[in-house]
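Atoms within a ligand are numbered from 1 in the order they appear, just like the ligands themselves.
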Amino acid sequence: MKGIVFTEFLELVEDKFGLEVVDEIIEKSELPSGGAYTAVGTYDFSEMLSLLTHLSDHSKISIDALLLTYAEHFFKVLADSYPGLIDKYDDPIKLLSSIENHIHTEVQKIYPDAELPTFEVIDKTSTTLVMIYKSSRAMYNFGLGLMNKTFEHYKSSATIILEKIKEDGTEVKFSITKN
Ligand code: HEM
C-alpha cells in the first residue's frame, strides 16, 4: 500500500483525535516500519489494518465507518493531486465506470507497486451503474466513500447499495443510481 494512504490517514487521525491517539495506535500496532511513513514509500497493507483496528478499539467506531470517513477525506487528496484524471470526465457515472480501464490504469503506470482493486462494470446507463468490486484488502467502504465524494464533486448525489458477494468483503456488488 502506498505511503500517501498512510500519511493522509495519520494526518486525519491527528486532526480528529489528536497527536496522543496517533502515538497510541502506532505504539499498539507494533509496526514493522515503526510508523515513519513517507508519501512515496510502499508499506504492507497489514500495517493499515493494525492502525485501523486500534483506532476502532480506541474510538468505538467500526472499521467500516472509519474507512468511509477516511475515503471522503482521501478523495480531496486525489482530486488535488491528479486534477487531470478527474477533469477529463463531465459526469460521475462516466468517471466511476472508467476507474478500471482508465483511472487506476494510469495510477498503476505512475506507481507500478500500487495495490489496486478491480471494478468490473456489469451494467451501465446514463443514470445507473452496477459494478463488482474485488480486492483481497476488502476496502469496499473506502470505495463507497470515494463514490459519494465523486457525486458531490459534480454537485450531484446517488443512492448506492452494497451487496457482499463474499462474506469477508473481498467481492462486493455496487448498485448505483443517480438521484
Ligand atoms: C486505492 C488512486 C479514484 C477506489 C487507490 C490508491 C491510489 C488510488 C493511489 C492506493 C493504492 C495503494 O495504496 O497501493 C486513485 C486516483 C483516483 C482514484 C488517482 C482518481 C483520480 C478512485 C475512485 C474509486 C476508487 C473514484 C471509487 C470507487 C479505490 C479503492 C482503493 C483505491 C477501493 C483501495 C484499495 C483496494 O480496495 O484494494 N486509488 N483512485 N479510486 N481506490 Fe482509487
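Counting heavy atoms closer than 4.0 Å to ligand 1, residue L96 contributes side-chain atoms (C-beta onward) but none from N, CA, C or O. By the criterion of a heavy-atom distance under 4.0 Å, the side chain of F119, and not its backbone, is placed next to ligand 1. Using a 4.0 Å cut-off between heavy atoms, R137 contacts ligand 1 through its side chain alone, with no backbone atom that close.
No donor-acceptor pair closer than 3.5 Å links the side chain of S29 to the backbone N or O of L31. Here the side chain of Y111 pairs no donor or acceptor atom with the backbone of T42 at under 3.5 angstrom. A donor-acceptor contact shorter than 3.5 Å links the side chain of E115 to the backbone of M1. Not one N or O on the side chain of E14 forms a donor-acceptor pair closer than 3.5 Å with the backbone of G18. The closest donor-acceptor contact from the side chain of K155 to the backbone of E152 lies at 3.5 Å or more, if one exists at all. With hydrogens and angles ignored, the 3.5 Å screen pairs no side-chain donor or acceptor of H104 with any backbone N or O of E100.
Looking from atom 37 (O) of ligand 1 to the surrounding protein, the closest heavy atom is Y133 OH, 2.5 Å. Looking only at protein heavy atoms, the nearest one to atom 10 (C) of ligand 1 is V5 CG2, 3.8 Å. Nearest non-hydrogen protein atom to atom 14 (O) of ligand 1 is E115 N, 2.7 Å. Counting protein heavy atoms only, atom 21 (C) of ligand 1 is closest to I86 CG1, 3.6 Å. Counting protein heavy atoms only, atom 38 (O) of ligand 1 is closest to S135 OG, 2.6 Å. Among protein heavy atoms, the minimum distance from atom 31 (C) of ligand 1 is reached at F142 CD2, 3.7 Å. Protein heavy atom at the shortest distance from atom 13 (O) of ligand 1 is K2 N, 2.7 Å.
Ring pair Y140/Y133 is perpendicular by interplanar angle, where above 60° counts as perpendicular and below 30° as parallel. By the 30° and 60° cut-offs, the orientation of the rings of H102 relative to Y89 is tilted.
Close approach of ligand 1 to A114 (heavy-atom distance below 4.0 Å) involves ligand atoms 14 (O). The distance from ligand 1 to the heavy atoms of T150 drops below 4.0 Å at these ligand atoms: 26 (C). Less than 4.0 angstrom separates some heavy atom of M147 from each of these atoms of ligand 1: 28 (C). For ligand 1 and M139, the ligand atoms under 4.0 Å from any heavy atom of the residue are 33 (C), 34 (C), 37 (O). If you number the atoms of ligand 1 from 1 as listed, the ones under 4.0 Å from a heavy atom of Y82 come out as 19 (C).
Considering CG of L67 and CG of L144, their distance stands at 10.5 Å, rounded to 0.5 Å. Note that CG of L146 and NE2 of H153 are 13.0 Å apart. Values are rounded to the nearest 0.5 Å.
The set of protein atoms (N, O or S) found at less than 2.8 Å from atom 43 (Fe) of ligand 1 reads H104 NE2, by chain and number.
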Check against side chain to side chain donor-acceptor pair (under 3.5 Å), H73 and E8: CA-CA 8 Å; H73 164 82; E8 288 295 333; 3.0 Å; yes
Chi angles and distances behind the ring-ring contact (aromatic ring centres under 6.0 Å, His included) call for F142, F74: CA-CA 9 Å; F142 189 77; F74 198 66; 5.6 Å; yes
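Side-chain contact, D168 with T170: a donor N or O sits under 3.5 Å from an acceptor N or O.
Heavy atoms of F174 come nearer than 4.0 angstrom to ligand 1 in no pair at all.
Environment of NZ in K76: sparse, with no more than 12 heavy atoms of neighbouring residues, nucleotides or ligands closer than 6.0 Å.
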